Amino acid sequence: MNKALRKAIIAGNWKMNKNRKEAAELIEALKPIAADKTCGVVICVPFTNLETALNLTEGTNIEVGAENVHFEKSGAFTGEISADMLTEMGVKYVIIGHSERRQYFGETDATVCKRTMAALEAGMTVILCVGETLEERELGITEEIVAKQVKVALSKACEKCVKNVVIAYEPVWAIGTGKTATADQAEEVCAFIRKTVAGMFGQDVADGMTIQYGGSMNEKNCAELLAKENIDGGLIGGASLVAEKFGVLLEEASK
Ligand code: PEP
């Protein structure tokens, strides 16, 4: 399938940044920048900013996402937020399995699978993050690690609902470090992810899936990465916090 037929999505991951006033300022700055772009535009914001983001993006081409979701529908899970709570607000996207959650909050492939199913069942689009650590890359087991992450996360998904999954390949060693994977390294793993998805759900599903790269992607290096056949956009941390920088990524992904 031709890359041009897939939906390129640039998604910002604000992480634990921006209070409500700062969030509103950033969104207001983003709106005119995003307005004429043809790629998908998503901002994944802290829970405290969801309401602000939903209100301010109403009627625009900017979609709003959360940065995590719990797998149960409701109950005694202090501090957690369910998929139904998010969809009731109007939140459409959710990041699941980000490496920071795997590293600091005990996220495992099994819990990523449970969260993914809860979000899909609620009708959300999941941005599923996978990627190897530096040690795993140096051991030559990148493909093994990434295949396992994809296979476990999507083990319970059906062919129909997997169409609401975007996979973000994010090498852990490139996130927030200023070290980007080379365009060839990123392309190689994104192509491998597509092959893995094809093995699970068939070539058509794999060909239609948006597979992003994430890891220190910015206004300077995005053109080379986004030009690659298997890279359909990006999950962007640092550069999503500055409207002008995010705008360059949107521009490039809309070409
Ligand atoms: C991320 O948080 O998903 C990310 C890719 O961060 P950064 O762009 O800052 O490396």
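We use all heavy atoms of the structure for the numbers below, so side chains are in, but hydrogens, waters and symmetry mates are not. Treat the numbers as computed from the prediction; the structure is a model and nothing was measured. Just follow the structure's listing: the first ligand is 1, and inside any ligand the first atom is 1.
With respect to D232 and K7, no salt bridge is recorded, no charged nitrogen being found less than 4.0 Å from a carboxylate O. Checked for salt-bridge contact, E107 and R115 meet the test: a charged N lies under 4.0 Å from a carboxylate O. Salt bridge annotation for R194-D207: absent, with no cationic side-chain nitrogen under 4.0 angstrom from a carboxylate oxygen. Taking a cutoff of 4.0 Å between a charged side-chain nitrogen and a carboxylate oxygen, K151 and D109 do not qualify as a salt bridge.
The G214 neighbourhood of ligand 1 comprises atoms 5 (C), with distances under 4.0 Å to a heavy atom of that residue. Numbered from 1 in the order shown, with element, the atoms of ligand 1 that lie under 4.0 Å from a heavy atom of S216 read 7 (P), 8 (O), 10 (O). Set against the non-hydrogen atoms of L235, the atoms of ligand 1 under 4.0 Å away are 3 (O), 5 (C). Heavy-atom contacts of G215 reach the following atoms of ligand 1: 5 (C), 10 (O) (cutoff under 4.0 Å).
Considering backbone and side-chain N/O of T177, none are found under 3.5 Å from N/O of ligand 1. In terms of polar-atom proximity, defined here as any N/O pair under 3.5 Å, G238 does make such a contact with ligand 1. Residue contacts with ligand 1: E170 is placed with a nitrogen or oxygen under 3.5 Å of a nitrogen or oxygen of the ligand (distance criterion only).
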When the side chains of residues 64-76 are checked against the rest of the protein, which donor-acceptor pairs come out under 3.5 Å, sequence neighbours left out?
{"from": "E67", "atom 1": "OE2", "to": "K15", "atom 2": "N", "distance (Å)": "3.1"}
{"from": "K73", "atom 1": "NZ", "to": "D84", "atom 2": "OD2", "distance (Å)": "3.0"}

Sequence neighbours left out, cut at 3.5 Å: what donor-acceptor pairs do the side chains of residues 32-46 make with other protein atoms?
{"from": "K37", "atom 1": "NZ", "to": "I33", "atom 2": "O", "distance (Å)": "2.6"}
{"from": "T38", "atom 1": "OG1", "to": "S254", "atom 2": "O", "distance (Å)": "3.2"}

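Heavy-atom distances between A239 and ligand 1 stay at or above 4.0 Å for every pair. Put simply, part of A174 is less than 4.0 Å from ligand 1, judged by heavy atoms.
Scanning all heavy atoms of the two residues, the minimum distance from L54 to G90 falls at CD2-O, 3.5 Å.
Ranking the protein heavy atoms by distance from atom 1 (C) of ligand 1 puts H98 NE2, 3.2 Å first.
Closest to atom 10 (O) of ligand 1 by heavy atom, among C129, G176, G237, G131, is G176.
With a 4.0 Å heavy-atom cut-off, ligand 1 is reached by the backbone of I175 and by its side chain too.
Within the 4.5 Å cutoff, the side chain of Y169 has no heavy atoms near those of the Q212 side chain.
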